[in-house]
Amino acid sequence: MTLPSVLLQETEEGVRTLTLNRPEKRNALSSEMIEALREALAGAADDDATSVLMIRGAGKDFCAGADLAELEEMAALGEEENRADAARLGDLFRAMRSHPKPIIAVVQGRALAGGCGLATACDLILAHEDAQFGYPEVHLGFVPAMVMTILRRKVPEGIAFELVARGERISAVRAAQIGLVNRVVADSGFDGEVQGYARELAQRPASALRLSKQLLYELGDLDFGAGMERGIDVNVIARFTQACRDGVRRFLARSRR
């Protein structure tokens with residue numbers, strides 16, 4: 001019997017949807033799923049048919065976090081093996097951050113622990129009105145260490161510490177209030193609205209999206225002066241892209257009518 005894939009893929013109108021497919025395990029992040037996500041990201045990077053990626057979960061939940069059965073098995077191994085295991089998730093988050101195309105998390109149900117980390121590592125989060133977010137690792141004596149670098153850049157430092165130190169679940173509305181979630185979407189017409197959002201984003205010039213994402217994240221590691229210099233570099237690069245030249249011509253043609 002052939003087992004179903006832990007990650008489903010579908011591309012339509014420039015949007016490649018990656019669906020975590022372990023609903024019986026609340027889409028827990030197994031090593032197999034992490035590797036499947038990395039391969040899917042790599043495959044989408046140079047695919048001209050893909051402009052935007054969406055990550056969502058099969059079933060009721062987005063993702064409940066790490067596969068705790070695997071984590072328990074790793075505890076019996078040495079430091080080197082555990083470091084390699086942790087690095088797999090870290091490498092995935094780095095691949096998401098450096099990916100040339102926007103990645104949207106579409107969160108229904110629960111996004112907890114590593115699942116919340118996966119959503120946080122995406123560039124944008126669209127949340128169902130009943131979605132829940134949280135980093136409950138502290139209750140297990142654990143730490144959401146792999147996503148902390150990204151989390152403290154997305155929300156204020158004090159909020160980030162409260163999320164990981166208290167380990168409480170928060171609503172989609174609260175997640176939007178603190179800047180973790182971009183939009184909260186009502187249940188009625190949820191799928192249509194998130195698909196429309198992604199397809200509209202996919203219509204933006206790919207070069208502009210790529211340069212915008214790259215510059216935004218590079219600025220986190222630069223001081224003000226270096227950031228301005230890098231902005232100048234990207235400004236010049238953008239001017240010579242075909243998308244920018246065509247866009248300027250279209251605007252001027254409209255303004256002359």
Side-chain angles (χ1 to χ4, degrees), residues 6-11 14-23 26-29 33-34 36-38 40-41 44 50-66 89-90 92-135 144 146-155 160 163 169-187 190-202 209 213 216-217:
V6 298
L7 185 71
L8 305 178
Q9 299 190 52
E10 180 182 11
T11 303
V15 180
R16 180 176 296 198
T17 302
L18 309 178
T19 302
L20 311 179
N21 191 36
R22 300 182 73 202
R26 294 166 54 200
N27 298 316
L29 288 172
M33 183 179 285
I34 291 172
L37 280 166
R38 285 185 60 191
L41 290 175
T50 299
S51 299
V52 171
L53 294 101
M54 287 202 310
I55 300 178
R56 60 189 312 168
K60 295 181 179 180
D61 293 310
F62 176 74
C63 178
L89 186 58
L92 172 62
F93 290 168
R94 273 194 287 257
M96 294 169 68
R97 195 78 165 177
S98 63
H99 201 276
K101 298 170 183 181
I103 304 174
I104 305 171
V106 178
V107 178
Q108 291 178 269
R110 291 163 286 192
L112 302 176
C116 192
L118 180 64
T120 302
C122 293
D123 304 303
L124 301 162
I125 301 179
L126 306 180
H128 186 279
E129 61 184 352
D130 293 332
Q132 295 182 342
F133 297 81
Y135 291 101
M146 301 314 305
V147 75
M148 202 84 75
T149 301
I150 299 174
L151 178 63
R152 71 183 301 274
R153 284 167 165 78
K154 285 210 166 181
V155 303
L163 287 172
R169 298 184 186 186
I170 61 173
S171 67
V173 170
R174 176 59 179 157
Q177 289 172 344
I178 63 176
L180 185 62
V181 161
N182 295 88
R183 299 197 181 188
V184 179
V185 183
D187 179 70
F190 177 79
D191 284 331
E193 186 165 340
V194 298
Q195 288 290 344
Y197 181 100
R199 289 170 183 168
E200 183 179 351
L201 188 60
L209 291 176
K213 176 175 175 176
L216 178 68
Y217 294 149

task: Check step by step if side-chain contact (heavy atoms from CB on, under 4.5 Å) holds for V185 and Y197.
output: CA-CA 11 Å; V185 183; Y197 181 100; over 6 Å; no
task: Output yes when a side-chain donor or acceptor of R22 lies under 3.5 Å from a complementary backbone atom of V6, and no otherwise.
output: no
message: Within this structure, what is the CD-CG distance for the pair Q132 and D61, rounded to the nearest 0.5 Å?
response: 8.5 Å
message: For the backbone of L53 and the side chain of K101, can you confirm whether one donor and one acceptor N or O come within less than 3.5 Å of each other?
response: no
field: pair L41-I103: side-chain heavy atoms closer than 4.5 Å
entry: yes
task: Could you tell me whether the side chain of F93 reaches within less than 4.5 Å of the side chain of T120, counting heavy atoms only?
output: no
- prompt: Is the backbone of A58 close enough, under 3.5 Å, to the side chain of N27 for a donor and an acceptor to pair up by distance?
  reply: yes
task: Check each of L151, T149, I150 against R153 using the side-chain contact (heavy atoms from CB on, under 4.5 Å) test, and report the only one that passes.
output: T149
message: If you count heavy atoms of other groups shown closer than 6.0 angstrom to CZ of R183, is the number above 12?
response: no
- prompt: Would L89 and V147 satisfy side-chain contact (heavy atoms from CB on, under 4.5 Å), going step by step from the backbone distance to the final call?
  reply: CA-CA 9 Å; L89 186 58; V147 75; over 6 Å; no
query: Between G14 and A202, which heavy-atom pair has the shortest distance, and what is it?
result: O-CB, 4.0 Å
- prompt: Is the backbone of I34 close enough, under 3.5 Å, to the side chain of R38 for a donor and an acceptor to pair up by distance?
  reply: no
message: Measuring only between side-chain heavy atoms, which start at C-beta, is L7 closer than 4.5 Å to L20?
response: yes
- line: Residues F133 and A172: closest non-hydrogen pair is CE1-CA, 4.0 Å
Nearest heavy atoms of V106 and M54, plus distance in Å: CG2-SD, 3.6 Å
- line: In short, V107 meets F190 closest at the heavy-atom pair O-CZ, 4.2 Å
- prompt: Taking atom CD of Q177 and atom OG of S171, what is their separation to the nearest 0.5 Å?
  reply: 7.0 Å
- request: Identify the two heavy atoms, one from P144 and one from Y135, that lie closest to each other, and give their separation to 0.1 Å.
  value: CB-CD2, 3.7 Å
field: From CE (M146) to CZ (R94), nearest 0.5 Å
entry: 7.0 Å
- request: Using a 4.5 Å cut-off on heavy atoms from C-beta on, say whether the side chain of D123 contacts that of Y217.
  value: yes
task: Could you tell me the separation between the CZ atom of R97 and the NZ atom of K213, rounded to the nearest 0.5 Å?
output: 8.5 Å
query: With side chains defined as the heavy atoms from C-beta onward, is the minimum distance between M96 and L118 less than 4.5 Å?
result: yes
query: For P102 and L209, which heavy atoms make the closest approach, and how far apart are they?
result: CG-CD1, 4.0 Å
query: Hey, are the side chains of L163 and I178 touching, using non-hydrogen atoms and a 4.5 Å cut-off?
result: yes
query: Any side-chain heavy-atom pair from N182 and I104 closer than 4.5 angstrom?
result: no
message: Assess whether a salt bridge exists between D191 and R56, defined as any Lys/Arg side-chain N lying under 4.0 Å from an Asp/Glu carboxylate O.
response: yes
message: Can a donor-acceptor pair be found, under 3.5 Å and without considering hydrogens, that links the side chain of E10 to the backbone of T17?
response: no
task: Would you indicate whether E129, at its atom CD, is surrounded by more than 12 heavy atoms from other residues, nucleotides or ligands within a distance under 6.0 Å?
output: yes
